[in-house]
Amino acid sequence: MKRVLLKLSGEALAGDKKTGFDDATIVAVAKQVKQLVDEGIQVGIVIGGGNFWRGRTSESIDRTKADQIGMLATVMNCIYVSEIFRSEGMMTNILTPFECGSFTKLFSKDRANKYFAKNMVVFFAGGTGHPFFSTDTATVLRAVEIEADAILLAKAIDGVYDSDPNRNPEAVKFDEISIAEVIDRKLEVVDLAASILCMENKMPMYVFALAEEGSIVKAITGDFNGTKVTV
């Protein structure tokens with residue numbers, strides 16, 4: 001692989017605290033990403049906002065406003081994680097689909113490619129810039145736009161199962177499954193809009209547990225313990 005898009009959940013970055021940031025977790029991610037960058041792999045990153053805000057769980061305010069808060073949560077996450085990456089010796093830049101003053105740059109494919117050519121890790125913050133679309137959808141959209149070879153989906157569980165392993169102790173994990181079967185079986189690896197976008201654009205995904213040591217590097221270099229979602 002020459003270019004990948006890594007999706008990190010906000011909750012995963014919070015570690016056991018569930019909210020805010022767990023620096024040890026983020027440093028561990030940064031060290032793995034640096035390994036990839038040092039090997040010449042271009043890395044884009046999307047981060048969810050769940051360690052600050054989950055708009056869909058809010059019943060007291062307008063959904064559009066709730067989603068806008070969520071978009072800003074992803075911007076905060078990307079600014080923070082970007083700085084940790086810089087402290088580990090990487091160059092970074094943050095792109096958003098809307099103006100954030102001098103905090104970020106406005107997204108365009110040309111700008112992203114320019115940063116990749118300079119060996120930078122590019123953070124795609126702010127989701128799609130529109131309400132009613134999750135960071136899952138933003139992840140696939142950006143991956144397709146930048147022509148990534150694959151999406152690396154770092155989650156709390158170690159792959160795709162035939163049912164929720166937290167509720168069913170006999171749930172079976174797939175080593176490999178097609179995106180069409182994911183959609184047919186409603187397995188919710190990513191949300192439906194993101195799944196369909198993956199299928200239509202033939203974008204494979206590697207789903208694995210962020211907590212597993214070296215899991216990001218393993219998704220590319222072998223010894224992969226998660227699930228490959230094929231197209």
Side-chain angles (χ1 to χ4, degrees), residues 5-33 43-88 90 92-107 112 121-143 151-157 164 166 188-194 207-212 215-216:
L5 189 66
L6 172 64
K7 165 67 189 303
L8 300 168
S9 77
E11 295 98 320
L13 296 182
D16 294 335
K17 295 190 295 184
K18 306 299 182 186
T19 60
F21 301 107
D22 179 68
D23 281 1
T25 299
I26 299 170
V27 168
V29 169
K31 289 182 183 299
Q32 290 189 71
V33 172
V43 182
I45 296 180
V46 172
I47 306 176
N51 53 327
F52 285 116
W53 178 259
R54 298 197 66 86
R56 295 185 187 190
T57 61
S58 175
E59 298 176 356
S60 57
I61 66 173
D62 177 73
R63 170 67 187 272
T64 296
K65 297 301 181 185
D67 284 358
Q68 288 171 348
I69 296 169
M71 291 177 215
L72 293 176
T74 72
V75 175
M76 291 193 294
N77 279 345
C78 284
I79 292 172
Y80 189 92
V81 175
S82 169
E83 287 304 302
I84 299 293
F85 274 42
R86 290 185 178 204
S87 73
E88 291 296 322
M90 287 172 278
T92 66
N93 236 309
I94 304 168
L95 299 178
T96 47
F98 44 78
E99 294 282 2
C100 288
S102 61
F103 294 168
T104 67
K105 299 289 187 182
L106 199 60
F107 169 80
V121 176
V122 183
F123 288 82
F124 300 104
T128 65
H130 299 282
F132 299 96
F133 292 98
S134 69
T135 49
D136 285 345
T137 306
T139 297
V140 181
L141 178 63
R142 295 292 179 244
I151 293 169
L152 308 183
L153 204 60
K155 297 173 76 74
I157 59 173
D164 187 346
N166 294 319
E188 298 182 351
V189 178
V190 289
D191 64 35
L192 184 58
V207 186
F208 55 90
L210 180 63
E212 180 191 340
S215 58
I216 297 170

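Residue numbers start at 1 and run along the sequence shown. Only heavy atoms go into these numbers, but all of them, side chains included; no hydrogens, no water, no symmetry mates.
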- Going through the distances and angles, do Val27 and Ile84 end up as a side-chain contact (heavy atoms from CB on, under 4.5 Å)? CA-CA 7 Å; Val27 168; Ile84 299 293; 3.9 Å; yes

- Please walk me through it: do Ile216 and Leu210 pass side-chain contact (heavy atoms from CB on, under 4.5 Å)? CA-CA 7 Å; Ile216 297 170; Leu210 180 63; 4.0 Å; yes

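Annotation: ring pair (Phe, Tyr, Trp, His ring centres under 6.0 Å) contacts of Phe103 (sequence neighbours excluded): none.
In this structure, Gly126 and Met71 approach most closely via the heavy-atom pair O-CG, 3.6 Å. Across all non-hydrogen atoms, the minimal contact from Phe98 to Thr104 is O-OG1, 4.4 Å. Smallest separation of non-hydrogen atoms from Ala14 and Asn51: CB-CB, 4.0 Å.
A side-chain contact (heavy atoms from CB on, under 4.5 Å) with Phe123 holds for exactly one of Asn77, Val75, Ile45; it is Ile45. For the side-chain contact (heavy atoms from CB on, under 4.5 Å) test with Ile79, the passing option among Thr74, Ile94, Thr92 is Ile94; the others fail.
Relative orientation of the Phe21 and Tyr80 rings is parallel, given thresholds of 30° and 60° on the angle between their planes.
Within the 3.5 Å criterion, the main-chain N or O of Ala66 finds a donor-acceptor partner in the side chain of Trp53. Between the side chain of Gln32 and the main chain of Ser215, a donor-acceptor pair closer than 3.5 Å is present. Here the side chain of Asn93 pairs no donor or acceptor atom with the backbone of Val122 at under 3.5 angstrom.
Atom CD of Glu212 has more than 12 neighbouring heavy atoms from other residues, nucleotides or ligands inside a 6.0 Å radius.
The CG atom of Leu8 sits 10.5 Å away from the OG1 atom of Thr135 when rounded to the nearest 0.5 Å.
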